[in-house]
Amino acid sequence: MKRFTAWRRRPWAGYAVVLAALAAIGVIYAGFTPQSDRAEAANATQAAADLENGRQLYNKNCGSCHGLNAEGTKDAKGKPIAPSLLGVGAASVDFQVSTGRMPAMNPGAQMPRKKPVPDFDTTIRTDYAEPEKREAAEKQKAQAEKNLADLREYIQKLGGGPEVPPASAVDPKGGDVAVGGKLFRTNCAQCHSFVGSGGALTGGKYAPPLDKNDVTPTQIYEAMLTGPQAMPVFNDTTLTPKDKQAIIAYLVQTREEPNPGGNGLGRIGPVSEGLAGWLVGIGLLVLAAMWITAKKPKKLKKS
């Protein structure tokens, strides 16, 4: 103990303690910092690879129409062929590609919904009984989901725009069905009909039906957020996120309700049902009258 006390009183003892502390800190820092640096470097490398994959997918499926820099293209007369994608955002890309509207095979007045191209087809079957087929389908679906995410991120990096809504924002269980019905009838029923059955518009365009199960809540939200084709944009000022969720809840509940009478006839209420009953009933009566009067009575024999 006396020797240790004597050692502490020497002039260089304080410097030795400081050097030992610095060495210990250095060892601890060297032990932890490389791991975080490696993780950050790996994340940066993966992000760069995903972005490059998105760029290649864009060049392969979109660049011929929208331009290699997503600036849009025009014909010789200056008429737009395909619009610019700068600023449309990830939500617009997700809606157009996941519904098969893009890439467009035959551009026209309006792009119809169709099966997505294989690179982005996230709707493929995976419930095969054979393990090999199921595993192959699951891998293909996972790759399609990654491709779609990479393409969304690539367009988002180019010019920003609306993001894909989170799952909590599109969950029908979180929306008020009654409020959603009022909002839908006020803002959407003029084109999509009262229950989302769709309807015709001018210029060869139409409002697509929303009463089918292949129209997902995320796609409904993205359509309101981005305003595809003839549809207006309902931003968060016009319809708040809670309003959009309420509309989704209304549509999901409405399309899950059965038709007690058989054919729904557009499900627009008693007007269509009464009209169908009237026309069918009157038509049958007219046919019956024509059939009765078409029979000529036999001439009476002379006595």
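Source: prediction; values computed, not measured.
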Answer yes or no: is there a side-chain heavy-atom contact under 4.5 Å between [X] and [Y]?
X	Y	result
Pro241	Tyr221	yes
Thr226	Gln96	no
Pro172	Pro217	yes
Gln229	Met111	yes

Which heavy atom in [X] sits nearest to a heavy atom in [Y], and how many Å separate them?
X	Y	result
Thr218	Pro165	CG2-CG, 4.3 Å
Ser84	Ala70	OG-O, 3.1 Å
Ala223	Pro228	O-CD, 3.3 Å
Asp119	Lys60	OD2-NZ, 2.9 Å
Pro118	Ala144	O-CB, 4.3 Å

Among the clusters formed by ILVMFWY side chains lying less than 4.5 Å apart, do [X] and [Y] turn up in the same one?
X	Y	result
Val177	Ile247	yes
Leu239	Val164	no
Val97	Val170	no
Ile220	Val93	no
Phe95	Val215	no

Looking only at side-chain N and O atoms, does [Y] offer a donor or acceptor that is under 3.5 Å from a partner on [X]?
X	Y	value
Gln143	Lys146	no
Asp171	Ser168	no
Glu222	Ser92	no

Quick check on Lys114: does its NZ atom have over 12 non-hydrogen neighbours (other residues, nucleotides or ligands) under 6.0 Å away?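 Yes - once you tally the heavy atoms of other residues, nucleotides and ligands closer than 6.0 Å, there are more than 12.
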
Apply side-chain contact (heavy atoms from CB on, under 4.5 Å) to His66 and Tyr58, showing your working. CA-CA 9 Å; His66 293 281; Tyr58 173 83; 3.3 Å; yes

[atom2] on [Y] to [atom1] on [X], rounded to 0.5 Å:
X	Y	atom1	atom2	answer
Asn61	Gln56	CG	CD	11.5 Å
Thr122	Gln140	OG1	CD	11.0 Å
Arg101	Gln110	CZ	CD	7.0 Å
Glu135	Tyr128	CD	OH	14.0 Å
Asn187	Lys244	CG	NZ	10.5 Å
Leu85	Asn69	CG	CG	11.5 Å

So does [Y] get a backbone contact from the side chain of [X], meaning a donor-acceptor N/O pair under 3.5 Å?
X	Y	value
Lys115	Thr99	no
His192	Ser197	no
Asn53	Asp50	no
Thr73	Ile81	no
Asp75	Lys79	yes
Glu153	Leu51	no
Arg185	Gln190	no
Thr254	Tyr250	yes

Evaluate Asp94 against Leu148 for side-chain contact (heavy atoms from CB on, under 4.5 Å), listing each step before the verdict. CA-CA 7 Å; Asp94 189 71; Leu148 184 55; 3.4 Å; yes

side-chain contact (heavy atoms from CB on, under 4.5 Å) for Met224 and Thr238? Distances and angles first, verdict last. CA-CA 10 Å; Met224 290 186 280; Thr238 307; over 6 Å; no

Pair [X] + [Y], salt bridge at N-O below 4.0 Å:
X	Y	value
Arg125	Asp127	yes
Asp176	Lys242	no
Arg134	Glu130	no

For Thr240, which of Asp236, Asp243, Thr237 qualifies under side chain to side chain donor-acceptor pair (under 3.5 Å)? Asp243

Under the side-chain contact (heavy atoms from CB on, under 4.5 Å) rule, what do Phe120 and Leu151 come out as? Steps first, then yes or no, please. CA-CA 10 Å; Phe120 308 108; Leu151 181 63; 3.8 Å; yes

Kindly indicate, with the supporting measurements, whether the criterion salt bridge (Lys or Arg N to Asp or Glu O under 4.0 Å) is fulfilled by Lys141 and Asp121. CA-CA 7 Å; Lys141 182 176 182 179; Asp121 188 7; over 6 Å; no

